[in-house]
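All values below were derived from every heavy atom in this structure, side-chain atoms included, with hydrogens, water molecules and symmetry-related copies excluded. Whatever order the structure lists ligands and atoms in, that order sets their numbers, starting from 1.
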Amino acid sequence: MTDSGPRLVSSPAEMQAETAAMRLQARTIGFVPTMGALHDGHMSLVRRARTENDAVVVSIFVNPTQFGPGEDFDAYPRDRAADLEKCASEGVDLVFAPGGGDMYPEGHCTTVDVLRLTDNLCGLSRPGHFRGVATVVLKLLNIVQPHRAYFGEKDYQQFLVVKRMVRDLFIPVEIVPCELFRDRDGLAMSSRNNYLSAEERVDALVLKEALDHFRRRVEEGELSAVTLMGEMAELIESVPSTQIDYVAIVDADTLEDLSTIKGRVLAALAVMVGDTRLIDNTVVEV
Ligand code: AMP
């Protein structure tokens with residue numbers, strides 16, 4: 001890094017050359033892929049990457065192929081100057097910010113499908129989403145060729161999908177899961193929180209309340225998934241601005257539905273608060 005901040009690269013070939021030079025110097029590379037509008041959740045991944053590697057690369061790319069028709073691709077918050085400032089203050093070495101044509105050159109016709117793990121949760125309610133995610137992550141990993149790549153458990157299914165793709169395709173990178181980072185009041189940090197009005201921001205706290213309720217009830221001995229999902233849904237529906245996309249209780253490794261809480265269990269929520277779709281989750285071990 002220079003005093004003026006991280007080096008900004010937009011060409012895949014140039015990025016490949018930059019990190020090839022780093023590897024030749026035996027520097028380890030930590031990579032944090034993002035869609036920008038960086039917040040403290042993203043920066044918690046960057047800080048971890050900083051402590052575990054000699055160099056840190058952050059990518060900023062709002063990937064069109066992971067948005068469905070009618071979703072918020074055009075409205076997605078973009079603030080390059082603020083993002084670069086945050087990267088500079090955390091000692092990021094390189095920021096990779098390609099354009100759409102750089103990542104999807106004319107005539108591209110290759111995609112990656114991770115099966116089964118994408119049948120449930122966001123895979124079910126956002127058809128094609130994980131094809132877009134897996135495809136762009138594979139491209140990014142081939143461009144940056146990091147030693148480690150950092151993914152937040154905020155997007156728990158995304159982390160599992162990427163981990164499985166890397167295993168199945170023998171991609172030489174370590175996928176590092178990072179804890180979900182919350183705001184002081186408990187709301188899971190997300191670039192989409194920018195869309196919320198002041199009232200919706202308060203209403204959105206019901207997601208965390210529902211997950212806290214789930215944990216408490218499991219600790220009390222309630223092990224019926226149907227009962228627990230019903231109670232979470234009731235709590236969420238008590239807030240008029242919300243509309244549930246899904247409330248799910250699944251095996252935390254396979255993401256298959258469970259009827260009884262047993263082993264490592266993921267409770268995952270996707271809820272519209274006003275016009276904003278928010279996700280949140282927690283894992284319990286019984
Ligand atoms: P995004 O820019 O939303 O695609 O996120 C980029 C990366 O940051 C993904 O691995 C996310 O899971 C992670 N991330 C986003 N928000 C959080 C959060 N609140 N806590 C932990 N990781 C997060």
Ligand 1 to M189 polar contact by distance, N or O atoms, under 3.5 Å
yes
For P33, the atoms of ligand 1 under 4.0 Å from one of its heavy atoms are 6 (C), 7 (C)
I need the nearest protein heavy-atom contact for atom 20 (N) of ligand 1: residue, atom name and distance, please.
F181 N, 2.8 Å
For the 3.5 Å polar cut-off, considering only N or O atoms, please tell me whether D155 and ligand 1 meet it.
yes
Is E153 close to ligand 1, meaning an N/O of one under 3.5 Å from an N/O of the other?
no
Heavy-atom pairs closer than 4.0 Å: do any link ligand 1 to the side chain of L45, the backbone, both, or neither?
side chain
Quick one: are S191 and M35 in side-chain contact, heavy atoms under 4.5 Å?
no
Tell me, please: is E179 in heavy-atom contact with ligand 1, that is, under 4.0 Å?
yes
Using heavy-atom distances, let me know which of H39, Q158, H42 sits nearest atom 16 (N) of ligand 1.
H39
Spacing of L124 atom CG and F130 atom CZ [to the nearest 0.5 Å]:
11.0 Å
Report yes or no: does a heavy atom of A37 sit under 4.0 Å from some atom of ligand 1?
no
Is any side-chain heavy atom of V250 less than 4.5 Å from a side-chain heavy atom of V265?
no
Under 3.5 Å between any N/O of F151 and any N/O of ligand 1: does that happen in this structure?
no
For atom 23 (C) of ligand 1, grab the closest protein heavy atom and report residue, atom and distance to one decimal in Å.
K154 CB, 3.9 Å
Residues R201 and D183 bridged, charged N to O under 4.0 Å:
yes
Side chains of T227 and R217, donor plus acceptor under 3.5 Å:
no
Salt bridge between D280 and R182, side-chain N to carboxylate O under 4.0 Å?
yes
Which of R48, E52, E174 passes side-chain hydrogen bond (donor to acceptor under 3.5 Å, both in side chains) with Y150? Answer is E52
Using the six-membered ring of F61, assess whether NZ or CZ of R80 lies under 6.0 Å from its centre and within 45 degrees of the ring axis.
no
Please list, in number order, the atoms of ligand 1 under 4.0 Å from a heavy atom of M35.
1 (P), 2 (O), 4 (O)
Walk me through it: do H213 and E231 pass the test side chain to side chain donor-acceptor pair (under 3.5 Å)?
CA-CA 8 Å; H213 177 85; E231 291 179 6; 2.8 Å; yes
Evaluate L121 against Q157 for side chain to side chain contact (heavy atoms under 4.5 Å, CB included), listing each step before the verdict.
CA-CA 8 Å; L121 310 179; Q157 187 173 21; 3.3 Å; yes
So is R182 close enough to ligand 1, meaning a heavy atom under 4.0 angstrom away?
no
Below 3.5 angstrom, do we get any N/O pair linking G152 and ligand 1?
yes
Can you list the ligand 1 atoms lying under 4.0 Å from a non-hydrogen atom of L180?
20 (N), 21 (C)
